[in-house]
*Asks:* 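Pasting a structure below so you can have a look.
Quick note: numbers below take in every heavy atom, side chains included, and nothing from hydrogens, waters or symmetry partners.
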Amino acid sequence: MRTLAALLLAIVVTAAALARPDTNRRSEQLLRESLAQLRAGRHLAQAPSSAISQAVGSRSAQASAVAGPGVAQTQQSATGPGSQVAGISQVGQKVDACVRGPSDSAACQTLTTEQRSITCTDIAPAAVAGATQFTCPQQAGFGKCDNPFIFLGAFCLQSCNRCGDACMDKPPTPTFACSLALCNTTEVVAGPFCLKTCGRCSTAAASPVAAPGPASAQAMAIAGAGAGIPVLPMP
C-alpha cells in the first residue's frame, strides 16, 4: 500500500506541474510514464484489491475509496481555484487511474473489476462510501439479480445461477438476434438478455466460493483557503 500511495502522490505533484509552462513537456512525459508503469503492474499494492482517492479544493473537496474482493473504485471532486483530484483503483494486476487539475473545478472516478465471466465467480458490486456492503447471497435474496447493477457487470454469477448450462442467451423479443454489436442497446440492457453473447454470465461450472482476500482503501479530502496537495498517511 505504501508504494501505491507514494505513486499517487507523485502523479498529483506531476499534474500540478503541468500548469507551469517551463515544465509542461517534461511533466507530461513523467505523468504518462507513471501511469504506464502503474498499468503494467510495477507499482501495485500487496492487497489483491486497493483504492486511494485524494481531492484538494479551496472551496470544497470530496473523496471516497471502496475496495473489496474483486472490485475497487474511487470518486473524487473539488471546487475552487487550483483544485486537484486523483484516484487509483487496483484489483490484482488490473489498474485504473485518473488525475484532473489544477483548475477551478475537478472531478473524476475510477473503477477496476476482476474478470468475472472467465470463471464462475460470486463477486458482489462494491457499495458506495458509507453504504452497507451486501454479499451476493444477500443480493439474490433481495431479488436483485435482474437489476442492471448486477447483471451488466456480471456480478454474483453463482448466487444468481448464471454459470455452466445456465449461462445462455435470452433475447428481449422472439425475433431479436443476440450479437456483440447490440450488447449495449436499450433493448438488451433493459433486462438480463443476451447474457452469454455479451459475456455477462459464465459457461464454466460453479465451484466453491473462495474466501475473500484482504483489501485496503484510503480517501482524503482537503478544502479551504490555502489547501495544498495532501499526503496520505503511510501504514
Side-chain angles (χ1 to χ4, degrees), residues 39 41 47-51 64-75 87-98 108-215 217:
R39 291 192 171 95
S49 298
S50 59
S64 66
V66 179
V71 62
Q73 62 188 48
T74 71
Q75 188 167 354
I88 295 178
S89 56
Q90 168 247 329
V91 176
Q93 297 296 306
K94 297 178 64 178
V95 176
D96 187 20
C98 70
C108 70
Q109 58 186 8
T110 67
L111 173 64
T112 307
T113 59
E114 183 179 86
Q115 178 55 271
R116 294 176 292 280
S117 61
I118 298 299
T119 59
C120 183
T121 57
D122 214 34
I123 297 171
V128 298
T132 301
Q133 176 65 56
F134 294 110
T135 65
C136 281
Q138 288 175 320
Q139 295 284 16
F142 298 151
K144 301 296 185 180
C145 285
D146 291 345
N147 281 37
F149 77 95
I150 295 289
F151 69 77
L152 287 181
F155 289 109
C156 301
L157 297 182
Q158 289 193 33
S159 293
C160 293
N161 190 29
R162 290 177 178 148
C163 298
D165 294 338
C167 178
M168 61 182 69
D169 281 336
K170 175 186 175 183
T173 65
T175 58
F176 190 96
C178 294
S179 72
L180 283 173
L182 300 175
C183 285
N184 293 320
T185 59
T186 302
E187 295 89 344
V188 173
V189 301
F193 301 122
C194 303
L195 296 181
K196 184 176 181 180
T197 293
C198 297
R200 293 165 180 160
C201 61
S202 177
T203 57
S207 58
V209 180

*Asks:* What is the distance from atom SG of C120 to atom CD of Q158, rounded to the nearest 0.5 Å?
*Replies:*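 CD of Q158 is found 4.0 Å from SG of C120.
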*Asks:* Among residues two or more places apart or on two chains, list those pairs meeting salt bridge (Lys or Arg N to Asp or Glu O under 4.0 Å) that have a residue in residues 158-179.
*Replies:*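 The answer is D146-R162.
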*Asks:* Kindly give the heavy-atom pair with the smallest separation between V188 and F176, and that separation in Å.
*Replies:*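 Closest approach of V188 to F176: CG2-CZ, 3.7 Å.
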*Asks:* Within the 3.5 Å criterion, strictly below it, is a donor on S50 or Q90 matched to an acceptor on the partner's side chain?
*Replies:*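 Yes.
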*Asks:* Got Q139 and F149 here, is their nearest side-chain heavy-atom distance under 4.5 Å?
*Replies:*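 Touching, per the 4.5 Å side-chain cut-off.
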*Asks:* What distance separates C156 SG from N161 CG, expressed to the nearest 0.5 Å?
*Replies:*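 Here the interatomic distance stands at 13.0 Å.
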*Asks:* Can you check whether C198 and C178 have SGs under 2.5 Å apart?
*Replies:*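 The answer is no, since C178 and C198 keep their SG atoms 2.5 Å or more apart.
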*Asks:* When you compare the side chain of T132 with that of Q138, does any pair of heavy atoms fall below 4.5 Å?
*Replies:*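 Of all side-chain heavy-atom pairs linking T132 with Q138, none is under 4.5 Å.
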*Asks:* Report yes if the SG atoms of C136 and C160 are separated by under 2.5 Å, and no otherwise.
*Replies:*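 Judged by the SG atoms alone, which are 2.5 Å or more apart, C160 and C136 are not bridged.
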*Asks:* If you compare all heavy atoms of R200 against all heavy atoms of N184, which two are closest, and at what distance to 0.1 Å?
*Replies:*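 R200 and N184 have their closest heavy atoms at NH2-OD1, 3.0 Å.
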*Asks:* For a quick check under 3.5 Å, do T74 and S89 share a side-chain donor-acceptor pair by atom type?
*Replies:*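 There is no such pair between these side chains.
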*Asks:* Which heavy atom in Q73 sits nearest to a heavy atom in A51, and how many Å separate them?
*Replies:*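 For Q73 and A51, the tightest heavy-atom pair comes out as O-CB, 3.8 Å.
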*Asks:* What I'd like to find out is whether the side chain of I88 reaches to under 4.5 Å of the side chain of T110, using heavy atoms alone.
*Replies:*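 SC-SC contact between I88 and T110 ruled out.
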*Asks:* Once you find the SG atom in C167 and the one in C201, is the distance between them below 2.5 Å?
*Replies:*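 Yes.
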*Asks:* Taking all heavy atoms of E187 and all of F193, pick out the closest pair and write down the distance.
*Replies:*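 What the structure gives for the nearest pair is O-CD1, 3.4 Å.
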*Asks:* Suppose we screen for ring-ring contact (aromatic ring centres under 6.0 Å, His included). Which residues come up paired with F134, at least two apart in sequence or across chains?
*Replies:*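 ring-ring contact (aromatic ring centres under 6.0 Å, His included) check on F134 returns F142.
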*Asks:* Within the 4.5 Å heavy-atom criterion, are L182 and C194 side-chain neighbours or not?
*Replies:*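 L182 vs C194: side chains apart.
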*Asks:* With a 4.5 Å cut-off on side-chain heavy atoms, are P125 and I150 touching?
*Replies:*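 Touching, per the 4.5 Å side-chain cut-off.
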*Asks:* Return the minimal non-hydrogen interatomic distance between V189 and F151, and the atom names on each side.
*Replies:*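 What the structure gives for the nearest pair is O-CZ, 3.5 Å.
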*Asks:* So does S159 get a backbone contact from the side chain of D122, meaning a donor-acceptor N/O pair under 3.5 Å?
*Replies:*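 Side chain of D122 to backbone of S159, a donor-acceptor pair under 3.5 Å: yes, one is there.
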